[in-house]
Amino acid sequence: MRWKVLGAVVFAVLIVIFTLANSTDVSVNFVFTQARVNLVLVILLSVLLGMILMAILWSIHAWRLRGEIRARERTIAELESNVALLGTPDNANGGAEEDSAASKLEPPHP
């Protein structure tokens with residue numbers, strides 16, 4: 001956790017240094033209009049929009065993974081209940097009765 005915070009702080013400091021070194025007015029051409037704004041504002045808004053986009057994409061991915069985890073937990077619970085049923089005293093002989101009953105029903109192999 002400390003490395004993530006340290007990385008975020010270093011990244012923020014680098015962005016601040018970069019924006020302060022490039023603090024001139026630039027012309028931004030939108031589709032229907034054109035505006036003169038400070039380059040610092042353009043850089044910071046671009047970084048912010050990129051971070052928002054990545055957060056949205058990461059949230060979608062995490063949501064899908066949580067759904068997959070829930071499905072696998074349900075499968076594990078079903079399999080554990082099946083194992084618990086097989087381990088009951090009725091099946092204490094390990095299912096040998098089922099094997100012998102199945103072998104009685106099968107015709108002999110030629």
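Counting begins at 1 with the first residue of the sequence.
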**OP:** To the nearest 0.5 angstrom, please state how far the CG atom of L65 sits from the CD1 atom of I69.
**Re:** 6.5 Å
Original post:
So if you build clusters from Ile, Leu, Val, Met, Phe, Trp, Tyr with side-chain heavy-atom gaps below 4.5 Å, do M54 and L45 land together?
Top reply: no
Original post:
Testing D25, V26, V28 for side chain to side chain contact (heavy atoms under 4.5 Å, CB included) with L39, which one passes?
Top reply: V26
**OP:** Establish whether V83 and I76 are linked, either directly or via other cluster members, by ILVMFWY side-chain heavy-atom contacts under 4.5 Å.
**Re:** no
**OP:** Carefully, step by step, assess R64 and E68 under the rule side chain to side chain contact (heavy atoms under 4.5 Å, CB included).
**Re:** CA-CA 6 Å; R64 287 181 183 166; E68 186 176 327; over 6 Å; no
Original post:
Can you name the salt bridge (Lys or Arg N to Asp or Glu O under 4.0 Å) partners of R66, sequence neighbours left out?
Top reply: none
Original post:
Can you name the salt bridge (Lys or Arg N to Asp or Glu O under 4.0 Å) partners of E80, sequence neighbours left out?
Top reply: none
Original post:
What distance separates L57 CG from L53 CG, expressed to the nearest 0.5 Å?
Top reply: 4.5 Å
Original post:
Are F30 and L49 joined in one hydrophobic group, where the rule is that I, L, V, M, F, W and Y side chains link up if heavy atoms are under 4.5 Å apart?
Top reply: no
Subject >> Co-membership, hydrophobic cluster, residues V13 and L44, 4.5 Å side-chain >> reply: no
